Amino acid sequence: MSAAVDLYGGDVCTVARALIGCVVRHGETAGVIVETEAYHQSEPACHAYVGLTPRTQTLFGPAGVAYVYRSYGVHAMLNAVGEEEGIGAGVLIRALEPLEGIELMRERRGRVRVEELCSGPGKLTQALGIELAHDGCDLGIGPVTITPGAAEPLEIATSTRIGITRAVELPWRYTLAGSRFVSRRVAALAAV
DNA sequence: CATGGGATTGACT
DNA sequence: GTCAATCCCATGC
């Protein structure tokens, strides 16, 4: 538990940066996090902005827990809850570099290149088989887990968030510099 | 109880 | 580049 607080208990921007390079695992599939975004109740892009509701109660819970929700009625999104209990904040996992169970991911996602298996928040949940039922799961216990990756410092690029309509100017998106596995489709737009 | 929005993806022109 | 698909839930009457 204290380990979870160490990793997830700080402010969400720090947590989002710390999660780059960590490994997400679910069953036989696993991948290295290469892209994250921070969300906090103090800014309008966050679901928790409106306050504590049945939908967002997980975000207000203890840190180190999975918050899974459905977007556009089609895709599941995986977040790691951050900050202390009572604060609505979390880190959206946007992209992974496939590590294990790649064949299984291909079965779930169809025949696509390795770079396309997990290069987006909706894609990675499909590839790993993560569903709404995993909302509230302790990321230190499972079935969905996040474990620290390489101890060596990684070069992390900071940019603005993607695909949102509010507070788009906040530089709360973090990517592993030079990675081929980030969702760069919209990254070109952010550069304009 | 009815309505509209949402942190996306993929298919089509 | 443009557009539809489709579930959960917050909000409003």
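A note on names: the letters A, B, ... follow the listed sequences, proteins ahead of strands, and every chain is numbered from 1. All of these numbers come straight from a predicted model, not from anything done at the bench. The analysis underlying the following values was restricted to heavy atoms, covering all of them including side chains, and did not include hydrogens, waters or symmetry mates.
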Hey, does [Y] have a side-chain heavy atom less than 4.5 Å from the side chain of [X]?
| X | Y | answer |
| --- | --- | --- |
| A:T125 | A:H75 | no |
| A:V15 | A:D11 | no |
| A:F60 | A:Q41 | yes |

> Name the one of A:K123, A:R17, A:R180, A:R173 that satisfies salt bridge (Lys or Arg N to Asp or Glu O under 4.0 Å) with A:E35?
Replying inline: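 The single option meeting the salt bridge (Lys or Arg N to Asp or Glu O under 4.0 Å) with A:E35 is A:R173.
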Of all the nucleotides listed ([options]), which has the minimum atom distance to the side chain of [X]?
| X | options | value |
| --- | --- | --- |
| A:Y39 | C:dC9, B:dT9, B:dA7 | B:dA7 |
| A:H75 | B:dT9, B:dA7, C:dA10 | B:dT9 |
| A:V74 | B:dA7, C:dC9, C:dT6 | C:dT6 |
| A:S71 | B:dT8, B:dG10, C:dA10 | B:dT8 |
| A:P121 | B:dG10, C:dC8, B:dT8 | B:dT8 |
| A:T165 | B:dA7, C:dA10, B:dG10 | B:dA7 |

> How far, in whole Å, is C:dG1 from B:dA7 if one measures between their C1' atoms?
Replying inline: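 Looking at atom C1' only, B:dA7 and C:dG1 are 22 Å apart.
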> Does A:K123 or A:V91 map to a spot on DNA chain B nearer the 5' end, using the closest nucleotide for each?
Replying inline: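 First, find each residue's nearest nucleotide; the 5'-ward one identifies A:V91.
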>> Taking only side-chain N and O atoms of A:R70, does any of them lie within less than 4.0 angstrom of OP1 or OP2 on C:dA5?
In response: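 No.
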>> On the nucleotide B:dG6, are OP1 or OP2 found under 4.0 Å from the side-chain N or O atoms that A:R55 carries?
In response: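 The answer is no; no side-chain N or O of A:R55 sits under 4.0 Å from OP1 or OP2.
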